[in-house]
Amino acid sequence: FPNDYNNFGPAVGFAWQVPWFGAGKTTVRGGYQITYNGLPSFNSLTQTQVTPGSTLAVNYQGDSGANAYLDLTKVSSLVPAPVTVLPMQPVPLTDRTQQVYIPAADLANPYVQNITMQVTRSIGNNMTVDVRYLGTLGRKQWNAQLQINQPNYLTNGLKEAFDAVRAGGESALLNQIFNGINIAGTGFGAVGTTVGGVPQTAALHLRNDTRFRTNLANGNYTDLANTLDTLNYVTTAPGNAGLPPIPALVNGAVLRYNGFPENFIRTNPQFSQAHMLASSNTNNYHALSASFTMRPTRGINLQSTYTWSKNFGVFGEVGRTFTDPRDRHADYALLGDTRVHDFRTNGTFALPFGPNRAFFSGASGTVARIIEDWSMSWIVNLNSGAPITIGTFSAGVGRHSIYANGTPNIVGPFDINGQIQFPEGSSSGTYFMDGKYQSVRDPQCSAVTTLNTLNTACTLNAVADAGTGQILLQNPLPGNRGNLGMSSAFGPGRWRFDANIAKQVRISESKSLQIRLDATNVFNHPEPSFATGLNSALLNINQTNFGLITGQNAKTELRRQFQAQLRFNF
């Protein structure tokens with residue numbers, strides 16, 4: 001790893017008392033600072049331990065022709081156990097099963113630039129107003145998700161080949177890849193031959209092979225290429241008897257048999273995935289904040305703050321694979337920790353009862369002790385919802401995009417702003433107005449060929465207007481990015497009102513007793529749960545329960561709670 005000697009972290013600031021508009025009433029402050037982050041653990045930096053072959057242990061599998069049963073007379077045939085790999089050997093190109101984490105040559109310490117500018121104005125002797133700008137700019141942040149070994153189907157002719165087969169046509173490229181091989185099994189023959197008067201083509205095999213059929217119908221070309229990259233043939237299948245046997249721990253024999261290069265699909269064919277640790281991420285947080293503070297005045301103090309902010313970055317920074325590693329910046333969008341609007345206020349009110357107060361000022365003795373020194377406090381927090389993505393990815397259905405983060409095409413007047421509803425007495429709700437939209441079969445499925453009933457394997461859904469039936473959202477064609485974009489919608493906002501009431505009882509000049517009652521979430525306001533998948537499955541157009549909110553947050557601290565306290569001060 002290269003030494004990093006240029007980590008210069010200056011911090012500069014200023015404060016200026018504006019001489020106009022009243023002496024000492026207006027102050028301007030600002031600053032700029034560079035802060036270098038602590039590095040991740042050394043262990044996570046050097047996850048490069050890989051071993052040739054995916055099987056290191058040798059297990060006795062039981063009965064065989066040579067050993068009908070195991071006894072001591074047979075041990076010599078099993079011991080010593082065969083050594084499948086030798087130490088310090090490179091991972092062979094034919095492995096294709098392991099992952100590797102490699103640091104980039106220019107890996108550098110990540111840093112953050114902090115920018116502030118603030119204007120403070122005093123109003124009278126007891127109130128101040130602050131307006132401030134805050135900027136936090138992350139630079140050279142580490143990314144362990146830069147997958148540089150994605151299966152290529154976009155520039156080697158495979159996309160056009162898959163398109164043709166999906167539509168019912170043929171592909172010369174696929175016929176060349178599968179020439180002389182039967183991958184479909186019983187009832188079929190080697191590609192390039194004729195069985196029962198039926199020409200055996202690669203298209204015929206792909207539409208019938210369960211390893212390809214569903215992904216082909218749904219346009220999941222990433223997994224199609226993944227399968228093809230590691231595909232082996234079965235020598236016992238009809239027409240394959242003359243093919244060379246495949247040694248153990250060898251993958252990709254189909255591509256290799258017909259002379260295709262080892263890196264035809266993957267740049268680093270010996271690995272299934274190759275993750276580069278790179279200083280490639282950035283984020284830009286900008287905020288405008290205004291606050292009002294009233295110091296204790298006639299028993300009342302108050303502080304309120306409103307913040308408008310957005311945090312932008314590349315989606316891959318938060319643990320996702322890039323939609324297209326060749327165009328990572330296209331994933332630049334609002335990050336999940338963004339809350340555009342945030343309002344917070346808290347205060348205390350000393351009740352005006354008792355001696356020398358507005359009410360019952362002449363009280364004395366026991367009555368005075370009972371009605372004096374009561375106070376109330378409150379905290380109110382309101383914030384808008386987190387950005388969420390209306391997507392197309394669904395496990396078991398397909399990616400419906402280039403590589404990840406699939407988003408749909410918006411083709412009609414679709415209102416992305418949710419109108420969240422929780423029916424009375426129900427623990428589930430809807431993100432969109434109930435009955436406004438409906439799931440229908442994606443029109444893309446109608447373009448899938450009926451040959452070999454491939455069209456029946458297409459399970460893509462679209463979103464339509466429930467009243468008119470007009471298609472509003474649909475899956476993009478394979479290898480294309482959806483036009484709706486990421487972080488295009490927002491989840492529900494949250495608000496909370498907490499309060500307390502307290503009574504101070506003076507026992508003597510140095511001793512007092514405080515009785516206090518705290519109430520959290522006073523109005524028992526429900527907060528929809530988004531941790532269970534609204535950002536993936538429930539706002540995925542390929543799910544039949546599109547837009548469903550699966551329940552209210554069941555965390556105990558979010559329910560209305562009361563807590564009584566008794567405190568003795570001395």
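FYI, side chains are in, hydrogens and waters are out, and symmetry mates aren't considered; it's all heavy atoms of this structure. On a predicted model such as this, the values are computed, not experimentally measured, just so you know.
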Are any non-hydrogen side-chain atoms of L224 and L216 less than 4.5 angstrom apart? yes
Does the side chain of S122 pick up a donor-acceptor pair with the side chain of T128 at under 3.5 Å? no
Is a side-chain donor or acceptor of S272 paired with a backbone partner of Q98 at a separation under 3.5 angstrom? yes
Are the side chain of Q561 and the backbone of N521 linked by a donor-acceptor contact shorter than 3.5 Å? no
Please check this pair: side chain of N149 against backbone of F271, looking for a donor-acceptor N/O pair closer than 3.5 Å. yes
Spell out, as yes or no, whether a donor-acceptor pair under 3.5 Å connects the side chain of N268 to the backbone of Q270. no
Give a yes or no on this: more than 12 heavy atoms of other residues, nucleotides or ligands lie within 6.0 Å of atom CZ of R121. yes
Any heavy-atom pair between the side chains of V119 and T27 that's under 4.5 Å? no
Between S309 (side chain) and R339 (backbone), is there a donor-acceptor pair under 3.5 Å? yes
Is the closest side-chain heavy-atom distance between L473 and L484 below 4.5 Å? yes
CA sep, side-chain torsions, deciding dist, call: N226, N215, side-chain contact (heavy atoms from CB on, under 4.5 Å): CA-CA 11 Å; N226 271 329; N215 286 326; over 6 Å; no
Would you please test V411 and L472 for side-chain contact (heavy atoms from CB on, under 4.5 Å) and show each step? CA-CA 5 Å; V411 294; L472 307 177; 5.6 Å; no
Any heavy-atom pair between the side chains of L539 and T389 that's under 4.5 Å? no
Side-chain (D4) to main-chain (N109) donor-acceptor, under 3.5 angstrom: yes
Residue pair P408 / I541: nearest heavy atoms and the distance that separates them: CB-CD1, 3.7 Å
Keeping N480 on the side-chain end and P478 on the backbone end, is there a donor-acceptor pair under 3.5 Å? yes
Do Q113 and Y32 make a side-chain contact, defined as non-hydrogen atoms from C-beta onward lying under 4.5 Å apart? yes
So, for F322 and Y403, is the gap between ring centers shorter than 6.0 Å? no
Check: F546 ring centre within less than 6.0 Å of F432 ring centre: yes
Residues, nucleotides or ligands: over 12 heavy atoms within 6.0 Å of F14 CZ: yes
Any side-chain to backbone donor/acceptor pair from D331 onto T323? Under 3.5 Å, distance only. yes
Applying side-chain contact (heavy atoms from CB on, under 4.5 Å) to L173 and E160, what does each step give before you reach the verdict? CA-CA 9 Å; L173 174 63; E160 293 75 14; over 6 Å; no
Determine whether W495 and N381 make a side-chain contact, defined as any pair of heavy atoms from C-beta on separated by less than 4.5 Å. no
Go through the steps for N283 and N311 under the test side-chain hydrogen bond (donor to acceptor under 3.5 Å, both in side chains), then give the verdict. CA-CA 7 Å; N283 80 283; N311 190 18; 3.0 Å; yes
To the nearest 0.5 Å, tell me how far T392 OG1 sits from N405 CG. 9.5 Å
R213/D209 salt bridge by N-O under 4.0 Å criterion: no
May I ask you to decide if A108's main-chain N or O and S279's side chain share a donor-acceptor pair within less than 3.5 Å? yes
Would you check, one step at a time, whether the test side-chain contact (heavy atoms from CB on, under 4.5 Å) holds for Q444 with R166? CA-CA 11 Å; Q444 189 176 149; R166 191 178 188 226; 2.9 Å; yes
Can F343 and Y306 be said to form a ring pair (Phe, Tyr, Trp, His ring centres under 6.0 Å), step by step? CA-CA 4 Å; F343 176 77; Y306 166 75; 7.4 Å; no
One should read off an interatomic distance between L93 CG and R266 CZ, to the nearest 0.5 angstrom, of 13.5 Å
What is the minimum heavy-atom distance between F490 and G385, and which atoms define it? CD2-O, 3.5 Å
CG of D442 to CG of N461: how many Å apart, nearest 0.5 Å? 7.5 Å
How about I390 and F414: do any of their side-chain heavy atoms sit closer than 4.5 Å? yes
To the nearest 0.5 Å, tell me how far T345 OG1 sits from F292 CZ. 9.5 Å
Candidate pair Q118 and T120, rule side-chain hydrogen bond (donor to acceptor under 3.5 Å, both in side chains), full reasoning: CA-CA 7 Å; Q118 175 178 333; T120 301; 3.1 Å; yes
Mind checking the CZ-CG spacing from R96 to L255? Nearest 0.5 Å is all I need. 6.5 Å
Determine whether the aromatic ring centres of Y36 and Y111 lie less than 6.0 Å apart. yes
In terms of the angle between their ring planes, are F312 and Y332 parallel, tilted or perpendicular, with boundaries placed at 30° and 60°? parallel
Basic-acidic side-chain contact under 4.0 Å: D324, R481: no
Any non-hydrogen side-chain atom of N156 less than 4.5 Å from a side-chain atom of F264? yes
Students often mix this up, so state it plainly: with edges at 30° and 60°, are the rings of W16 and W20 parallel, tilted or perpendicular? perpendicular
Is the Y257 ring parallel, tilted or perpendicular to the Y233 ring (thresholds 30°, 60°)? perpendicular
Nearest 0.5 Å, please: how far is CZ in R256 from CG in L231? 11.0 Å
